[in-house]
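Lettering of chains follows the sequences in order, A, B, ..., and the numbering in each one begins at 1.
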Amino acid sequence: MWEPTNTPEQDRFRKLQELRAQGIDAYPTQVERTHTTAAARQAYEVISPADAESHDDAPPLNVTVCGRIVRQNLKGKVYFAHIEDGAGRLQLFVRIDNVGEDTYELIKQQIDLGDFVQASGSMMRTRTGEISVLVDEFVLLSKALSPLPVIKERELEDGTIERYGEFSDVEERYRQRYADLAVNPDTREVFRKRARTLSAMRQFLDGEGFLEVETPILQPIYGGAAARPFVTHHNQLHQDLFLRISFELYLKRLLVGMYDAVYEIGRDFRNEGVSFKHNPEFTQMEFYKAYIDYHGVMDLTERMIAFIAEQVTGSTRITFAGHEIELAPPWKRITLRAAIREKTGIDYVDHRDAPSLHAAMQAAGINASPKDTWGKLVDTLLGDAVEPDLIQPTFMLDYPRDISPLAKMIPGDEMHVERFEFFIGGMEMGNAFTELNDPTDQEQRFLEMGRLYADEDEEAMPMDEDYLRAMRYGMPPCGGFGIGVDRLVMLLADKSTIREVLLFPHLRERQ
RNA sequence: GGGCGUGUAGCUCAAUUGGCAGAGCAGUGGCCUUUUAAGCCAUAGGUUAGGGGUUCGAUUCCCUUCACGCUCACCA
């Protein structure tokens, strides 16, 4: 059984017991709200505009509003409080003459900041012009036993809001997100932006004729990416299962099944390191569309991201980490080979095996493990030398075949596949390619990947026989795309860590 | 996993070279019938993240455990 651990909690717990002793239900069932705080304010502004000569002759407007007490000021025989609901804040003006001594005593003795209350009365303006409810009935809706951090704010002459006191401890904000949300309106806004991002994404894709689908999260074989999976077990079926690391192989089966264009928005799980841009579970959107190649996917990508930014922030021009970023098409396009050559002077085509490329990188002062495969070395060059500078949206084109087992070759080019990744704000945002639809080539690539990674690498991509069987029925030529939705939200909300855009980010268990 | 840093009252932060652990807000009691960071008077609140050590004496120095942050490694 919970017991108060500090003075404020002891006080609140005592008040709860006092209420019970008086026969007052601190958590009543019945609520009778007639107006949100915003609706009450709006309705009153109509009949008593701010610039009216007198507010006394405004017709009476009776309301019942509910909310959490976020500021209070007991001033002898009057009591002011601001309540907050999902729509905003509104001041309550309580006079002992209007509510009676019993209610006033209840407010004085048992009501705290953080309590949810219901107030009925007539709308009015105070002497300073603030729209308020002159309360004649006051009911406690829910007693708060633990104190929330108190944040006071003041509007300065230039309209900016100065805050006094804050709830800023990063760890506590993540562990007790409910308190963070309750107290910090900025945090609430981040997740409204997140919701608008997802909604705009669906709106765009639906408008382009895509069908939203859902595919298995628990999979007997994982694939579609190079990552370590989480493993789980189905007891009755005696079957080990993996939590998916991507949607790719299931979505492409659906093109065999004659949907022209599909997308899925959902959670992926990767059993890997945690960082400012990696969470063990994260939200991904992938789409696949028949009869387009990666150029068509680039066109969709530019238009989609610009559309989402417009819907979420009101503009295609955003600020991220102090940079002005223009998301309107067309975006910069550069081949991976040219970008690496520009930044490092290394042309990987001149170094076609791992030892040779590694030596060139050493000579250029770029560290990498000598055990890395050739493809991994190229990836290191991209990540270290190129990626951090890609602030403005950039399509990075044409990746080495070895690190892209699901993408189609560029005709007449032995080394490269039709693949792009796109970068904004120095972060990799997503990945796309002209999808490999030749079942014999695909089988060959799976076999090569198995050899490449051998058994010491847990990122090895296992052979998915059923996927190959699907492809043998014929898969239309198609373009595919994947984007890290959390990173997109980071960009649009101007947050530097993924944890700020996840409601409940993964944290180590506390002992 | 490695390196660096942080952890003091419910919240935000102080504490000189190792020398009585403090403030503001929140709380409690009192005054105040138009306040809004309300104000005034009084008052309570601490295993200084946990454990161990050095010392007459540790928030401070050392070791260790834990969590978080930054960074490196890792991360189609």
Side-chain angles (χ1 to χ4, degrees), chain A residues 4-12 14-15 70-82 89 91-98 104 109 112-114 124-130 132 134 145-156 161-175 179 183 223-228 245-246 248 268 270-280 282 367-369 372 375-376 379-380 382-384 399-400 402-407 417 419 421 428 430-433 449 458-459 461 482 484 496-497 499 505 507-511:
Chain A
T5 55
N6 54 53
T7 317
E9 285 182 344
Q10 281 159 3
D11 287 329
R12 285 162 185 257
R14 191 199 71 233
K15 291 171 186 180
V70 293
R71 176 196 152 252
Q72 60 178 0
N73 180 12
L74 185 70
K75 207 179 168 311
K77 294 191 172 59
V78 285
Y79 168 80
F80 293 94
H82 278 113
R89 290 186 177 190
Q91 180 167 262
L92 306 182
F93 179 24
V94 180
R95 295 161 47 108
I96 190 168
D97 299 343
N98 294 63
Y104 199 79
Q109 298 300 329
D112 287 297
L113 285 172
M124 49 94 65
R125 282 180 193 269
T126 62
R127 196 172 284 167
T128 54
E130 178 164 355
S132 308
L134 181 59
L145 290 179
S146 296
L148 286 165
V150 176
I151 292 171
K152 299 188 173 188
E153 48 189 45
R154 175 173 71 149
E155 196 173 331
L156 300 177
I161 288 176
E162 192 172 3
R163 293 219 166 91
Y164 302 84
E166 53 182 342
F167 181 48
S168 54
D169 183 291
V170 173
E171 185 177 350
E172 291 308 321
R173 283 181 48 241
Y174 296 158
R175 286 193 194 276
V183 155
R228 295 169 62 181
I245 58 172
S246 88
E248 172 145 3
D268 269 344
R270 296 187 184 178
N271 204 341
E272 288 173 347
V274 175
S275 81
F276 73 94
K277 49 181 179 175
H278 296 89
N279 195 64
F282 63 99
N367 285 324
S369 164
D372 282 352
K376 275 201 170 177
D379 207 44
T380 301
L382 168 63
D384 287 9
Y399 279 63
D402 328 32
I403 52 174
S404 314
L406 301 164
V417 294
R419 170 181 172 187
E421 292 185 317
E428 179 196 337
N431 183 22
F433 25 88
M449 290 306 284
E458 293 183 60
E459 289 180 9
M461 202 179 276
S496 58
T497 110
R499 289 181 163 184
L507 295 181
R508 220 178 286 257
E509 208 169 0
R510 221 177 222 171
Q511 300 188 337

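The residue A:Leu74 sits close to a base: some heavy atom pair falls under 4.0 Å. Looking at heavy-atom distances under 4.0 Å, A:Arg270 makes contact with a base. Residue contacts for A:Gln91: at a heavy-atom cut-off of 4.0 Å it reaches a base atom on one of the strands shown. Among the protein residues, A:Arg89 comes within range of no part of the nucleic acid, since none of its heavy atoms lies under 4.0 Å from any strand. Using a 4.0 Å heavy-atom distance criterion, A:Leu507 is classed as a sugar-phosphate-only contact. As judged by a 4.0 angstrom heavy-atom cut-off over every strand, A:Lys77 is placed among the base-contacting residues.
Between B:U34, B:A26, B:G27, one nucleotide has an atom nearer to the side chain of A:Lys15 than all others, and that is B:G27. Side-chain atoms of A:Thr497 lie closest to B:C70 of the nucleotides B:C70, B:U34, B:C75. Candidate nucleotides B:C25, B:U28, B:A76 were compared by shortest atom distance to the side chain of A:Asp11, and B:U28 ranks first. For A:Gln72, counting side-chain heavy atoms from C-beta on, the closest listed nucleotide (B:G27, B:A76, B:U33) is B:G27. Distances were taken from every side-chain heavy atom of A:Val170 (C-beta onward) to each of B:U28, B:G69, B:C25; the shortest belongs to B:G69.
Annotation: side chain of A:Met124 is in contact with side chain of A:Thr126 (closest heavy-atom distance under 4.5 Å). Side-chain atoms of A:Pro147 and A:Leu113, non-hydrogen and from C-beta on, never get closer than 4.5 Å to each other. When side chains are defined from C-beta on, A:Arg175 does not count as touching A:Asp169, because their heavy atoms never get closer than 4.5 Å.
At B:U34, none of the side-chain N or O atoms of A:Arg95 fall inside 4.0 Å of OP1 or OP2 (strictly under the cut-off). OP1 or OP2 of B:A38 has at least one side-chain nitrogen or oxygen of A:Arg71 nearer than 4.0 Å. For A:Lys376, a side-chain nitrogen or oxygen approaches OP1 or OP2 of B:C75 to under 4.0 Å.
Every residue meeting the side-chain contact (heavy atoms from CB on, under 4.5 Å) condition with A:Lys152, not counting sequence neighbours, appears here in chain and number order: A:Val150, A:Tyr164. Legend: residues meeting salt bridge (Lys or Arg N to Asp or Glu O under 4.0 Å) with A:Glu428, ordered by chain and number and at least two apart, are absent. Every residue was checked against the salt bridge (Lys or Arg N to Asp or Glu O under 4.0 Å) condition with A:Arg270, not counting sequence neighbours, and none meets it. In terms of the salt bridge (Lys or Arg N to Asp or Glu O under 4.0 Å) criterion, residue partners of A:Glu162 (sequence neighbours excluded) are, by chain and number, A:Arg154. Take A:Asp11 and apply the salt bridge (Lys or Arg N to Asp or Glu O under 4.0 Å) test, not counting sequence neighbours, and it matches A:Arg14.
In this structure B:A26 sits in no base pair that meets the Watson-Crick or G-U test at under 3.5 Å. Checking B:U48 for Watson-Crick or G-U wobble geometry (two distances, each under 3.5 Å) identifies no partner in any strand. In this structure, B:U16 forms no base pair with any nucleotide, since neither Watson-Crick nor G-U wobble geometry is met with both distances under 3.5 Å. Pair assignment for B:C68 gives B:G5, based on Watson-Crick or G-U wobble hydrogen-bonding distances that are each under 3.5 Å.
One atom, CG of A:Leu92, and another, C1' of B:U33, lie 16 Å apart when rounded to the nearest Å. Atoms CG (A:Asn98) and P (B:U34) sit 13 Å apart, rounded to a whole Å. Atom-to-atom, CD of A:Glu171 to P of B:U6 comes out at 16 Å; the value is rounded to the nearest Å. We find that CD of A:Glu272 is positioned 16 Å from P of B:G1, with the value rounded to whole Å. The nearest whole Å value for the distance from the CG atom in A:Asp384 to the C1' atom in B:C74 is 12 Å. Protein atom CG of A:Asp379 is 7 Å distant from nucleotide atom C1' of B:A76, rounded to whole Å. Between the P atom of B:A38 and the CZ atom of A:Arg127 lies a distance of 18 Å, rounded to the nearest Å. Distance CZ (A:Arg508) to C1' (B:A49): 16 Å, rounded to an integer number of Å.
Distance noted for atom P between B:C61 and B:C4: 15 Å (whole Å). B:G10 and B:G3 have their C1' atoms separated by 35 Å, with the value rounded to a whole Å. With P as the reference atom, B:C72 and B:A26 are 43 Å apart, rounded to whole Å. Comparing B:A14 with B:G46, their C1' atoms sit 15 Å apart, to the nearest whole Å. B:A76 and B:U64 have their P atoms separated by 34 Å, with the value rounded to a whole Å. Here the separation of B:U48 from B:G18, taken at their C1' atoms, is 15 Å to the nearest Å. The same atom, P, is picked in B:G2 and in B:A44; the two are 47 Å apart, to the nearest Å. Separation of the P atoms belonging to B:A23 and B:C63 is 33 Å when rounded to the nearest angstrom.
If you find the closest nucleotide of RNA chain B to A:Ala81 and to A:His278, the one lying nearer the 5' end belongs to A:Ala81. Closest-nucleotide positions on RNA chain B for A:Gly482 and A:Gly129 were compared, and the one nearer the 5' end corresponds to A:Gly129.
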Practice problem: For A:Arg419 and A:Asn431, run side-chain hydrogen bond (donor to acceptor under 3.5 Å, both in side chains): C-alpha distance rounded to whole Å, both residues' side-chain angles, the deciding distance at 0.1 Å, then the answer. | Solution: CA-CA 8 Å; A:Arg419 170 181 172 187; A:Asn431 183 22; 3.0 Å; yes

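In the model, A:Thr5 has a side-chain atom that pairs as donor or acceptor with a side-chain atom of A:Glu9 under 3.5 Å.
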Quiz item: What string of B, S and - do you get for nucleotides 10-15 of chain B 5' to 3' if you count protein non-hydrogen atoms under 4.0 Å?
Solution: SSS---

